[in-house]
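Given the structure is predicted, the values throughout are model-derived calculations rather than measurements. Chain A is the first sequence line, chain B the second, and so forth, proteins listed ahead of strands; every chain is numbered from 1.
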Protein chains: 2
Amino acid sequence: MADDRLSRVFAALADPTRRDIVARLSITDATVGELAEPYDVSVQAVSKHLRVLTDAGLVSRSRDAQRRPCRLEPEVFDLMTKWIERYRVQAEERFRRLDAVLAEMDDEQRATDDRRGAAS
Amino acid sequence: MADDRLSRVFAALADPTRRDIVARLSITDATVGELAEPYDVSVQAVSKHLRVLTDAGLVSRSRDAQRRPCRLEPEVFDLMTKWIERYRVQAEERFRRLDAVLAEMDDEQRATDDRRGAAS
DNA sequence: CCCGTGTTCAACCAATCGGTTGACAACAGG
DNA sequence: CCTGTTGTCAACCGATTGGTTGAACACGGG
């Protein structure tokens, strides 16, 4: 997988378990054990998911004795939102312009027809 | 990979080439050959990328003789934006509330905190 | 009707992913 | 100093990914 920031963020959220982890962390911080509990996978698997999320900058870890609490870092969301909005807006803008162009072509077609009709 | 819609969309955009294709399609529709031209990969590889994008609902194909023009479908972006915004807002909301809670806890004892027994 | 253009299908390959198990590190408390 | 708890590291496994090449399919224009 590409190692640029945006790719890592999108890839991280492409997994339902990781999206669920993000959803739960948006409610409250949690340890790896707490996060793993509801899922039917090993703690190690969840630890791996957390690694992907932290590498993407979506989650930060701190230290409390043996525990490594996880906290959601919502700033990274902006990166995605900016990318998405940019191209969504651009595409919609283009569709709006397309209507105008089509309307214009209609007019010219009509004008040409008129001229032709007048000429002959 | 999980086959739910959101997973497919995020996974599709996790690849820089595919994001670039989306960016270019936001400017104008294009055929597979046109899209493949600037990249240093085979047309077949680009065709595969297009398949991923259409499966995710980000791109639609039409037919024009041998050509299969690609068009960006920006509606799917809403799905992502909704998901992202939901948890970003929720997390930020929580951080705002956290300040209040911390101030409140200054007055009280924090000794009997939220260890599992008392939770929920 | 064939030929060239544009695109996809099929098989294959190396790399990565999500999961496993087993060992080990870090720390709190008896 | 051991013991239990919490989490990560390492090695491995099967499935998937992004890429390749070669063949086939779908057309329109001589």
Side-chain angles (χ1 to χ4, degrees), chain A residues 1-4 6-22 24-25 29-56 58-71, chain B residues 1-4 6-22 24-25 28-56 58-71 110-117 119:
Chain A
M1 208 249 308
D3 61 345
D4 68 280
L6 210 41
S7 296
R8 281 201 303 263
V9 178
F10 278 123
L13 294 181
D15 184 283
T17 302
R18 286 195 292 259
R19 280 202 306 280
D20 194 57
I21 290 176
V22 167
R24 291 168 59 200
L25 287 178
D29 297 353
T31 66
V32 178
E34 287 164 358
L35 287 172
E37 193 268 325
Y39 309 124
D40 193 21
V41 298
S42 64
V43 178
Q44 290 95 320
V46 175
S47 182
K48 278 193 183 181
H49 282 310
L50 263 321
R51 176 135 184 68
V52 174
L53 289 169
T54 59
D55 283 353
L58 281 160
V59 164
S60 68
R61 320 288 308 267
S62 50
R63 163 132 278 189
D64 166 34
Q66 310 96 327
R67 268 142 251 132
R68 308 288 315 279
C70 305
R71 147 157 309 183
Chain B
M1 208 248 306
D3 62 343
D4 68 279
L6 210 41
S7 296
R8 282 201 302 263
V9 178
F10 278 123
L13 295 180
D15 184 284
T17 303
R18 285 194 293 259
R19 280 201 307 280
D20 194 57
I21 289 176
V22 167
R24 291 169 58 202
L25 287 179
T28 189
D29 296 354
T31 67
V32 179
E34 288 164 357
L35 288 171
E37 193 267 326
Y39 309 124
D40 192 20
V41 298
S42 64
V43 178
Q44 291 95 321
V46 174
S47 183
K48 278 192 183 183
H49 282 309
L50 262 322
R51 175 138 185 68
V52 174
L53 288 169
T54 58
D55 284 352
L58 281 160
V59 164
S60 68
R61 320 289 307 269
S62 51
R63 177 155 278 273
D64 166 35
Q66 310 97 326
R67 269 141 250 133
R68 308 289 313 280
C70 304
R71 147 157 308 183
R110 303 185 200 176
T112 49
D113 232 333
D114 59 88
R115 284 293 259 156
R116 189 161 307 192

S.K.: Could you check how far CZ of B:Arg63 sits from P of D:dC25, rounded to whole Å?
M.R.: 14 Å

S.K.: Decide yes or no for B:Arg8 and B:Asp3: does some side-chain heavy atom of the first lie under 4.5 Å from some side-chain heavy atom of the second?
M.R.: yes

S.K.: Do the side chains of A:Asp64 and A:Thr31 get nearer than 4.5 Å, heavy atoms only?
M.R.: no

S.K.: Measuring to OP1 and OP2 of D:dG19, would you say a side-chain N or O of B:His49 lies under 4.0 angstrom away?
M.R.: yes

S.K.: Got a second to check how far A:Leu6's CG is from B:Arg19's CZ, nearest 0.5 Å?
M.R.: 4.0 Å

S.K.: Distance check needed: C:dG18 P versus A:Tyr39 OH, whole Å only.
M.R.: 14 Å

S.K.: Would you tabulate the pairs of protein nitrogen or oxygen atoms and nucleotide nitrogen or oxygen atoms of nucleotides 2-10 of chain C closer than 3.5 angstrom?
M.R.:
unit_1, atom_1, unit_2, atom_2, d
C:dG4, N2, B:Gln66, NE2, 3.2
C:dT5, O2, B:Gln66, NE2, 3.4
C:dT7, OP1, B:Val32, N, 3.4
C:dT7, OP1, B:Arg68, N, 3.4
C:dT7, OP2, B:Gly33, N, 2.7
C:dT8, OP1, B:Arg61, NH1, 3.0
C:dT8, OP1, B:Arg61, NH2, 3.2
C:dT8, OP2, B:Ser47, OG, 2.5

S.K.: Between A:Lys48 and A:Val41, is any pair of side-chain heavy atoms under 4.5 Å apart?
M.R.: no

S.K.: Take the protein atom CG of B:Asp15 and the nucleotide atom P of C:dA15, then report the distance between them rounded to whole Å.
M.R.: 18 Å

S.K.: I need the CG-P distance between A:Asp55 and C:dT16, as an integer number of Å.
M.R.: 14 Å

S.K.: B:Cys70 versus B:Glu34: any side-chain heavy-atom pair under 4.5 Å?
M.R.: no

S.K.: Given the rule in the side chain to side chain contact (heavy atoms under 4.5 Å, CB included) test, do A:Leu50 and A:Arg61 qualify, once you have shown the distances and angles that lead to the verdict?
M.R.: CA-CA 9 Å; A:Leu50 263 321; A:Arg61 320 288 308 267; 3.9 Å; yes

S.K.: Closest-nucleotide mapping onto DNA chain C: is A:Met1 or A:Asp40 further toward the 5' terminus? I mean the 5' end.
M.R.: A:Met1

